[in-house]
Amino acid sequence: MEEKKHKRRVHYSGKYPKKFEEKYKEHDPEKYGDTIAHVISKGSTPAGMHISIMVKEILDFLQIKPGQQGLDCTLGYGGHTRKMLEKLGGNGCIYGLDVDPIESSKTVERLRNAGFDEDRFKFRLINFANIDEVANEAGKFDFVLADLGVSSMQIDNPERGFSYKIDGPLDLRLDPSHGESAAERLQNITKEEFVGMMVENSDEPYAEEIADKVFSLMKKGKNIDTTTALREAIEQALWKVPKEEKEQAIKKSCARVFQALRIDVNSEFEVLYSFLEKLPTILNPGGRVAILTFHSGEDRLVKKAFKEHLKEGAFSEISSDVIRPSAEECRINPRSKSTKMRWAIK
């Protein structure tokens, strides 16, 4: 058997690597336990990984028992999936779904290395709008989780274009092999449609000003095809904001505009609507579902669907109010602050 050659790490000038592809810890963070613990203790998310949100609250509600069959609709980094698999105690199965071919392959490998074989964990590269197809293959489920947040690994990789803080192509697709990128989307919509997108998807108060500036720049031949180009356009659009408020206003508007584009290019509301409509049909009697949302538009859809299913008799019980992460979790993981959890029982 040929001995596998050790691949040397890329050398870079200076004390720290500047390019994402040179940042070795970001690509395999779990090898660096001390660094991870230190970063988390400071209230940050280690680059290249994702801290699972509200794990205790989810597990407390789902009441997973050995022998059951579960579904994680949004696999991501696999943190929730792993904790749920551990609750099965080697007896039962979880299906994990994701549309991101880049990150999901890494997650599947991590779970396999942790000892969860195909009998215990089955992965399907499929959008969770199609849970009926998964149920046709697997049968009905005893517990279901859907974490609707974007994973930190996707945000940290500049090639994905999810963050206004890092320069990269304005892409924002969860599956970069399908559909239009955010840059292409801007080329193919009207200014009025862009305003509507920002208002509907993220309640952006400066939607008119931002759309005016973006479309004015494009009309003059400026390509808004990178995260930096869009951020700079937003900065220019907010020139009237008082100096003492400008920095925070720009940050918030950037976050909202990127969110609005991400929701649009991935058809997130349409996907969520389809998922919620089919949800009761894939659950066993007494089956439990928990959903984590991260902005008001998502939460409104979940709340409305749960109430309708309860009224129709498809659910026997739903959460009367949202459950939020603890103050301690918000301190350790600031990205959890906007999280809302709702649950339902068939």
Side-chain angles (χ1 to χ4, degrees), residues 53 74 146-152 154-155 160-166 168-174 179-215 217-218 224-241 245-276 291-305 322 324 334-342:
I53 294 170
T74 47
D147 174 351
L148 304 183
V150 176
S151 292
S152 298
Q154 293 163 327
I155 294 168
R160 307 300 300 274
F162 281 97
S163 176
Y164 67 88
K165 297 176 184 177
I166 320 166
L170 189 63
D171 195 310
L172 289 162
R173 288 172 294 177
L174 293 168
E180 289 182 315
S181 69
E184 291 166 333
R185 189 78 180 110
L186 284 176
Q187 292 287 340
N188 295 325
I189 58 174
T190 65
K191 184 169 74 173
E192 291 69 29
E193 285 172 326
F194 188 36
V195 171
M197 181 199 301
M198 288 186 280
V199 171
E200 187 177 334
N201 293 357
S202 59
D203 303 315
E204 173 52 53
Y206 298 105
E208 293 276 359
E209 292 88 341
I210 291 166
D212 280 343
K213 177 53 67 176
V214 167
F215 276 77
L217 289 168
M218 290 197 296
I224 308 295
D225 56 3
T226 66
T227 55
T228 301
L230 180 56
R231 188 191 72 236
E232 288 174 349
I234 295 167
E235 288 171 355
Q236 291 171 41
L238 271 59
W239 65 274
K240 281 186 180 178
V241 177
E245 299 170 19
K246 188 168 284 187
E247 186 181 347
Q248 278 305 309
I250 288 169
K251 277 184 185 178
K252 288 177 180 177
S253 282
C254 283
R256 286 189 294 257
V257 173
F258 274 68
Q259 173 185 293
L261 276 166
R262 191 202 78 223
I263 288 170
D264 185 83
V265 298
N266 294 294
S267 303
E268 290 181 27
F269 285 153
E270 293 85 349
V271 165
L272 179 56
Y273 183 82
S274 181
F275 162 73
L276 290 167
I291 301 179
L292 300 185
T293 63
F294 293 83
H295 57 82
S296 57
E298 288 176 339
D299 182 58
R300 280 194 297 269
L301 274 178
V302 175
K303 181 181 179 180
K304 185 182 177 186
V322 293
R324 290 184 175 274
R335 289 180 181 179
S336 71
K337 284 179 183 175
S338 61
T339 314
K340 294 176 180 176
M341 174 179 151
R342 291 189 186 271

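Given the structure is predicted, the values throughout are model-derived calculations rather than measurements.
Panel note: side chain Thr227, backbone Gly168; a donor-acceptor pair is recorded below 3.5 Å. Glu180 places no side-chain N or O within donor-acceptor distance of the main-chain N or O of Val265, the cut-off being under 3.5 Å. Side-chain atoms of Ser274 never come within 3.5 Å of backbone atoms of Glu270 as a donor-acceptor pair (strictly under, hydrogens ignored).
Distance CG/Leu261 to CE/Met197: 5.0 Å, rounded to 0.5 Å. For the atom pair OG of Ser267 and CG of Leu174, the computed distance is 10.5 Å after rounding to the nearest 0.5 Å. How far CG of Asp225 is from CD of Glu184: 10.0 Å, rounded to the nearest 0.5 Å. In this structure, the separation between NZ on Lys340 and CZ on Arg324 is 5.0 Å, given to the nearest 0.5 Å. In this structure, Thr293 OG1 and Met341 CE are separated by 11.0 Å, a value rounded to the nearest 0.5 Å. A distance of 4.0 Å separates OG1 of Thr339 from CD1 of Ile53, quoted to the nearest 0.5 Å.
For the pair Ile189/Phe215, a side-chain contact is recorded, criterion being any heavy-atom separation below 4.5 Å from C-beta on. In this structure, Gln259 and Asn201 have side chains that are not in contact, with every pair of non-hydrogen atoms separated by 4.5 Å or more. Between Glu298 and Leu272 the shortest side-chain heavy-atom distance falls below 4.5 Å. In this structure, Arg262 and Phe258 have side chains that are not in contact, with every pair of non-hydrogen atoms separated by 4.5 Å or more. Residues His295 and Ile263 meet the side-chain proximity criterion, which asks for heavy atoms closer than 4.5 Å. Side-chain contact between Val195 and Ile210 is absent, with no heavy-atom pair separated by less than 4.5 Å. The closest side-chain heavy-atom distance from Phe294 to Asp147 is below 4.5 Å.
Ion pair Asp203/Arg256 not flagged as a salt bridge, since none of the NZ, NE, NH1 or NH2 atoms sits closer than 4.0 Å to an Asp/Glu carboxylate oxygen. Salt bridge annotation for Glu235-Arg231: present, with a cationic side-chain nitrogen under 4.0 angstrom from a carboxylate oxygen.
In this structure, Glu200 places its CD atom where only 12 or fewer heavy-atom neighbours from other residues, nucleotides or ligands lie under 6.0 Å away. Heavy atoms from other residues, nucleotides or ligands lying under 6.0 Å from CZ of Phe269 number more than 12. Within a 6.0 Å sphere centred on CD of Glu208, other residues, nucleotides and ligands contribute 12 heavy atoms or fewer. By the 6.0 Å contact criterion, CD on Glu193 is enclosed, its count of non-hydrogen atoms from other residues, nucleotides or ligands being greater than 12. Counting heavy-atom neighbours within 6.0 Å of Lys246 NZ, excluding the residue itself, gives a total above 12.
The nearest pair of heavy atoms linking Asn266 to Val271 is O-CG2, 4.0 Å. Nearest approach of Arg173 to Gly179, heavy atoms of both residues: NH1-O, 2.7 Å. Considering all non-hydrogen atoms of both residues, Glu204 and Ser253 come closest at OE2-OG, 3.0 Å. Heavy-atom minimum distance, Ala237 versus Glu209: CB-O, 3.6 Å.
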Assess whether side chain to side chain contact (heavy atoms under 4.5 Å, CB included) is satisfied between Tyr206 and Ile250, documenting all intermediate values. CA-CA 10 Å; Tyr206 298 105; Ile250 288 169; over 6 Å; no

For Leu170 and Leu186, run side chain to side chain contact (heavy atoms under 4.5 Å, CB included): C-alpha distance rounded to whole Å, both residues' side-chain angles, the deciding distance at 0.1 Å, then the answer. CA-CA 10 Å; Leu170 189 63; Leu186 284 176; 3.9 Å; yes

Can you list the steps and then say if Glu232 with Leu217 is a side chain to side chain contact (heavy atoms under 4.5 Å, CB included)? CA-CA 11 Å; Glu232 288 174 349; Leu217 289 168; over 6 Å; no

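With Ile291 as the fixed residue, the side chain to side chain contact (heavy atoms under 4.5 Å, CB included) test singles out one of Leu301, Val302, Thr74, Asp299: Val302.
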